[in-house]
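So the structure is just underneath, and the comments pick up after that.
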Amino acid sequence: MMIKIVIAGPRGNMGREAVKMVDKELGFQLTAVVDHKYNGFRMKDVEGMEPLDLPVYEDMEACFQQVSCDVLIDLTTPEVGKKHMLTAFEYGVRPVVGTTGFTDVDIEELSAIAEEKKLGAIIAPNFAIGAILLMKFSRMAAKYMSDVEIIEQHHDRKLDAPSGTAVKTAQLIAEVRDPKKQGHPEEVEKLAGARGADYDGMRIHSVRLPGLVAHQEVLFGGEGQSLKLRHDSFNRTSFMPGVKLACETVMELGVLVYGLEEIIE
């Protein structure tokens, strides 16, 4: 079965890699892209896009009205991504979204719509398979080592902090760990924020520097020992196997899934 795909955000770093991946996969067919500029252009005529003879749209609804689409890959922003998801549901298109920053209320609302329409959808804070394994290993370790801190590092153009991956990691750990305040009970921050964000007593630290892509460490401490789990994405191609898996899997779903770890055993 050929899966017909539209990509939103084709000029971004992730978007360009997604276009290349979909274009080369034998089971995928790219039918159009959606960008906030260049409506009516062809991709091959737009600087920053792959040289493909495919239409560019600014309006998602117009795109769905004029081209055939099974799956929408959205790599934009939470606000735009949510609007695109709502439009996709209206047209029977299954969204695969790689944007972080969705709220719990957003997830609940979108999940209800997906379930009502019996349409699969995937929102993935991180598409890197290694990062998903890091989350799973962290949850496993937290059963036995409950003192934990998370350090996530990203490029300096990332808008949200902490990252969606760090938050999702903390959520998974919290499922098996009782909330507890870590550090000295009389600890004082001499500079506000020095100890990072607090999630159920766990601390999450965000680093933003040019040259970084996406990196995360989960540090566990215990009596006379420590454990460090780390994952590094050195370029955006590291996310493409996960995007491919999500596009294939979403066709078999009838609900919204949040987190790629839910479809990886």
Quick check for you: to the nearest 0.5 Å, what is the distance between [X] atom [atom1] and [Y] atom [atom2]?
| X | Y | atom1 | atom2 | result |
| --- | --- | --- | --- | --- |
| E25 | K244 | CD | NZ | 4.5 Å |
| S138 | M202 | OG | CE | 10.0 Å |
| T77 | D160 | OG1 | CG | 10.5 Å |
| M240 | M21 | CE | CE | 6.0 Å |
| R236 | M14 | CZ | CE | 8.5 Å |
| Q153 | L212 | CD | CG | 5.5 Å |

Is any side-chain heavy atom of [X] less than 4.5 Å from a side-chain heavy atom of [Y]?
| X | Y | answer |
| --- | --- | --- |
| R203 | E149 | yes |
| Q225 | F220 | no |
| V6 | Y57 | no |

Starting from [Y], can I reach [X] by hopping between I/L/V/M/F/W/Y residues whose side chains sit under 4.5 Å apart?
| X | Y | result |
| --- | --- | --- |
| L260 | L256 | no |
| L219 | Y144 | no |
| L30 | V34 | no |
| L253 | Y258 | no |
| M60 | Y91 | yes |

Would you check if the side chain of [X] reaches a backbone N or O of [Y] as a donor-acceptor pair within less than 3.5 Å?
| X | Y | value |
| --- | --- | --- |
| H155 | K158 | yes |
| E58 | N39 | yes |
| K136 | I264 | yes |
| S233 | V213 | no |
| E262 | V257 | no |
| R11 | H36 | no |
| R177 | S146 | yes |
| D70 | K4 | yes |
| D74 | T76 | yes |
| E152 | I204 | no |

[X] versus [Y], closest heavy-atom pair with distance:
| X | Y | answer |
| --- | --- | --- |
| F239 | N235 | CE1-O, 4.3 Å |
| S163 | H154 | CB-CE1, 3.6 Å |
| I150 | A166 | CD1-O, 3.9 Å |
| C247 | I73 | SG-CD1, 3.5 Å |
| A246 | I263 | CA-CD1, 4.4 Å |
| A88 | L72 | CB-CD2, 4.3 Å |

Subject >> side-chain hydrogen bond (donor to acceptor under 3.5 Å, both in side chains) contacts touching residues 184-194 (sequence neighbours left out) >> reply: E187-R195
Per-pair distances, 0.1 Å, donor-acceptor, side chain in residues 110-130, under 3.5 Å, sequence neighbours excluded:
residue, atom, partner, partner atom, Å
S111, OG, I107, O, 2.7
N126, OD1, A128, N, 2.8
N126, ND2, T165, OG1, 3.1

Cationic N near anionic O, under 4.0 Å, [X] to [Y]:
| X | Y | value |
| --- | --- | --- |
| E79 | K83 | no |
| D178 | K180 | no |
| E261 | R139 | no |

Original post:
Is there a side chain to side chain contact (heavy atoms under 4.5 Å, CB included) between M85 and F102 once you walk through the steps?
Top reply: CA-CA 12 Å; M85 288 186 74; F102 284 94; 4.2 Å; yes
Original post:
Would you find more than 12 non-hydrogen atoms of other residues, nucleotides or ligands less than 6.0 Å from F137 atom CZ?
Top reply: no
For residues 43-55, which side-chain donor-acceptor pairs fall under 3.5 Å, sequence neighbours excluded?
residue, atom, partner, partner atom, Å
D53, OD1, R42, NE, 2.9
D53, OD1, R42, NH2, 3.4

